[in-house]
J.: 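So that we are looking at the same thing, I have put the structure below in structure tokens.
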Amino acid sequence: MKAWIAVVALAVVPLVGCGSSRELNKARIAANTAKKDADTLRAENNALKAKVAELEGEVATLTKERDELKAAAEQPAPAAVPASGKKKKR
């Protein structure tokens, strides 16, 4: 992005000596448009970074839960305790 702004700046600098010409006005408009586009992209980038951070947190939570369930599933099940040997009298 910095390189693109540098190109716009280099395009505007030679026109400064011309005074107030059409080319200078066009260059100013292009520079202002580029600044607005850059600001828009920065805002969108920040929003996307926030969303990525949120999703990474969800993934970490789900991974932890999965690992806990996996560990619980791998533990041997307790043996069934047989009923007492006493029989009821009839």
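The analysis underlying the following values was restricted to heavy atoms, covering all of them including side chains, and did not include hydrogens, waters or symmetry mates.
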J.: Using salt bridge (Lys or Arg N to Asp or Glu O under 4.0 Å) as the criterion, list what pairs up with Asp39, not counting sequence neighbours.
T.: Arg42

J.: If I take atom CD1 from residue Ile29 and atom CG from residue Leu24, how far apart are they, to the nearest 0.5 angstrom?
T.: 10.0 Å

J.: Under the side-chain contact (heavy atoms from CB on, under 4.5 Å) rule, collect the residues that match up with Gln75, sequence neighbours excluded.
T.: none

J.: Please list, one pair per line, the donor and acceptor atoms closer than 3.5 Å that link side chains of residues 51-65 to other protein atoms, with sequence neighbours excluded.
T.:
| unit_1 | atom_1 | unit_2 | atom_2 | d |
| --- | --- | --- | --- | --- |
| Thr61 | OG1 | Gly57 | O | 3.0 |
| Thr63 | OG1 | Val59 | O | 2.7 |

J.: Kindly compute the distance separating OG1 (Thr40) from CG (Asn45), expressed to the nearest 0.5 Å.
T.: 12.0 Å

